[in-house]
Amino acid sequence: MTERSGPTGRSEHRRAVVERCRAMAPWWHSMTVYQVYPRSFMDSNGDGIGDLPGIVQRLDHLVDLGVDTLWVSPFFTSPQEDFGYDVSDYCDVAPEYGKLADADHLIEEAHRRGLRVLFDLVLNHTSHEHPWFVESRSSRDNPKADWYIWRDGRGPGGRKPPNNWRSVAEITSGWQWGEERQQWYLASFLPCQPDLNWRNDEVREEMFRSVRFWLERGVDGFRLDMFGDITKDPEFRDLNLRPTMVGGIPRIWDRSPIQNTDDNVELARELRAVCREFDDVGGPVGDGPGAADRERILIGEVFGSAEQLRRFLAGGDGLQLVFLFDFLTFRYDPKWVRARIEEFEQTFPWPAQPTYVLENHDRTRLLDRVGGDVAKARVLATLLLTLRGVPTVYQGQEIGQSNTFIPLADAKDPIVKTYFPWMPEAVNSRLKERLNRDEVRTPMQWDPSPTVGFTEPGVTTWLPVNEDRRTANVETQSADADSLLSLYKALFAARSQHRALHEGRLDLVPGTPKGTLAWVRSDGEERVLVAANLGRDAALVPTGGPASVLVATDRAVQLTNGSASLPAPSVWLPANSAVVLLLDGPDDSVGA
Ligand code: GLC
Ligand code: CA
């Protein structure tokens with residue numbers, strides 16, 4: 001480095017420092033996550049229910065796909081009223097999913113393949129069948145009486161809820177009556193999921209003990225369920241009305257007294273400190289001996305504006321990552337996408353990392369959001385895997401599984417049964433955000449057969465198999481170079497082969513043609529240009545110089561390297577297509 005003075009010299013110097021630091025970035029910076037919903041991924045013993053040994057049988061799919069981190073939704077002991085998000089023993093495995101040894105084996109087998117493993121921690125609530133709650137509800141003065149959030153009611157006999165706090169569905173009170181104690185307990189999600197009282201030190205210690213239990217067994221970190229809902233206003237003040245949209249879901253109440261509180265940010269710090277106790281323990285998949293490689297990570301399921309959610313990072317001492325859910329309800333519109341990228345870039349500048357999510361086990365499949373148009377799904381996959389941030393792929397997304405229509409009357413999802421039993425089917429089927437989460441939890445489609453390779457032939461699966469199985473399955477798509485699955489593989493491969501894509505900075509390209517957007521990812525000399533055409537017409541996007549195609553979503557995408565009629569080197573993009581280009585040389589003139 002030559003020393004230079006003046007503003008240019010300083011900014012170059014800063015850039016050089018940042019580049020050097022990037023080289024030492026912790027592993028999770030370039031992480032790619034694959035979410036497995038264990039009940040529906042792979043059934044190893046023919047009971048129609050997915051299980052932990054099943055996940056192990058299919059781990060090579062993750063390796064083939066090219067992801068590096070597995071997130072497993074809850075498989076802990078549970079009455080399964082909310083399919084595992086209602087835990088009754090945090091340190092054991094539900095019998096239908098296997099034994100404790102199967103969880104150990106899963107960690108071991110994943111690590112052996114170079115995959116990291118994240119488990120799903122439900123800290124906000126337990127099942128009402130958890131022995132702690134059974135004891136807590138039995139009287140006002142048992143040793144666990146204060147482990148949950150109990151309050152006296154209002155009105156005659158205290159039969160009116162203590163305040164106006166709502167459950168997450170917002171249409172009913174968050175309070176449930178406990179007959180034995182003649183008091184109310186808070187249940188923010190479903191009545192069968194009483195909220196733990198995190199202001200009780202014994203609760204904190206006991207929950208941290210469960211966290212350590214899994215860290216000791218070698219898990220690389222956790223996805224934290226409903227993390228922003230954990231610590232509530234200690235004064236139990238009423239909520240005020242304030243209709244808004246959060247992550248594409250309408251909210252009627254201002255939830256600030258019960259969501260994303262300062263105390264909850266403090267809890268993020270405490271949990272991180274627990275993880276740090278393990279910084280020196282084992283290097284699970286480590287490429288190197290550095291602490292950055294052993295770091296255990298926390299990624300929060302939180303809801304709010306990017307600005308609010310950033311607080312959970314606590315300046316590097318809190319969660320490493322928070323899910324940003326805006327793209328779950330994306331608008332297929334370049335202006336909207338551009339605005340989100342700008343917001344995420346501004347709110348989570350390096351060394352923070354934004355996250356990008358298009359699907360999960362709770363929300364409508366993306367193919368259904370784009371009217372079944374696979375070309376659009378291909379464009380979105382390209383965004384997901386080339387933007388700066390940690391991408392998550394939900395099982396089946398990579399083969400374009402769509403929602404499986406299941407009538408509300410047949411729903412197993414407790415959300416439907418608890419909150420919307422009155423909803424007419426005609427209304428539900430017109431909702432953009434489908435109520436029945438079963439529709440996105442049907443078995444993972446490994447092959448085109450009636451039981452899709454998820455279980456043995458003839459077995460009744462816990463939820464019906466989607467009829468899109470004939471084309472949307474791993475076997476068929478693996479054999480087809482033009483399939484969605486092949487595109488995902490190509491994108492993951494490009495992402496891991498090019499540092500610019502997994503660790504580089506991102507600069508949006510100004511002034512691209514109508515309907516398009518483009519950005520440059522760069523790392524040192526390496527520069528990758530991504531251009532996407534979300535418009536109805538074909539478009540020409542200037543590349544600023546010679547380039548070569550790394551991945552294209554459409555065979556018709558073409559580079560034009562300058563001619564008499566088209567002097568500037570450009571890429572021709574049909575409607576609904578995208579391309580990832582490696583630029584030659586460190587030129588800075590893209591889009592100019
Ligand atoms: C989260 C989970 C969802 C679960 C709920 C209650 O939102 O993603 O599946 O039902 O929390 O734990
Ligand atoms: Ca099974």
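Remember, it's 1-based here, ligands and their atoms both numbered in the order they're listed.
For His361 and Tyr37, the distance between ring centers is under 6.0 angstrom. Aromatic rings of Phe75 and Phe119 (six-membered ring for Trp) have centroids within the 6.0 Å cut-off, being under it. For Trp71 and Tyr394, the ring centers sit 6.0 Å or farther from each other. Remark: aromatic rings of Trp422 and Phe420 are close, center separation under 6.0 Å. Two rings, from Phe213 and Tyr90, have their centers 6.0 Å or more apart.
Only the side chain of Phe189 comes within 4.0 Å of ligand 1, judged by heavy-atom distances. If you look at Arg223 next to ligand 1, the close heavy atoms, those under 4.0 Å, all belong to the side chain.
Nearest-residue assignment for atom 12 (O) of ligand 1 (options Asp225, Ile415, Leu224; heavy-atom criterion): Asp225. With distances taken over non-hydrogen atoms, the option nearest atom 10 (O) of ligand 1 out of Asp82, Val87, Leu123, Val168 is Asp82.
Here the N, O or S atom of Asp43 that is nearest to the Ca ion (ligand 2) is OD1. Considering just the N/O/S atoms of Asp47, the one nearest the Ca ion (ligand 2) carries the name OD1.
Each of the following atoms of ligand 1 lies closer than 4.0 Å to a heavy atom of Met226: 6 (C), 11 (O). Close approach of ligand 1 to Arg437 (heavy-atom distance below 4.0 Å) involves ligand atoms 3 (C), 4 (C), 9 (O), 10 (O). Per-residue contacts place His125 under 4.0 angstrom from the following atoms of ligand 1 (heavy atoms of the residue considered): 6 (C), 12 (O).
The pair Lys144-Glu206 fails the salt-bridge criterion, with no side-chain N (NZ, NE, NH1 or NH2) lying under 4.0 Å from an Asp/Glu carboxylate O.
When each of Ile297, Leu271, Ile299, Leu215 is tested with Phe222 by the rule side-chain contact (heavy atoms from CB on, under 4.5 Å), just one qualifies, namely Leu215. The one candidate from Thr461, Asn466, Asp468, Thr404 that meets the side-chain hydrogen bond (donor to acceptor under 3.5 Å, both in side chains) condition with Thr442 is Thr404.
Distances shorter than 4.0 angstrom occur between a heavy atom of Arg441 and an atom of ligand 1.
Residue Asn45: an N/O/S atom is found under 3.0 Å from the Ca ion (ligand 2). Distances from the Ca ion (ligand 2) show that Ile49 has an N/O/S atom below 3.0 Å. At least one N, O or S atom of Asp51, from either the backbone or the side chain, sits less than 3.0 Å from the Ca ion (ligand 2).
For atom 8 (O) of ligand 1, the closest non-hydrogen atom on the protein side is Asp362 OD2, 2.5 Å. In terms of protein heavy-atom proximity, atom 7 (O) of ligand 1 is closest to Glu301 OE2, 2.8 Å.
Under the 30°/60° scheme for interplanar angles, the aromatic rings of Phe327 and Phe344 are found to stand perpendicular.
Remark: the backbone N or O of Asp146 is paired with a side-chain donor or acceptor of Asn197 at under 3.5 angstrom.
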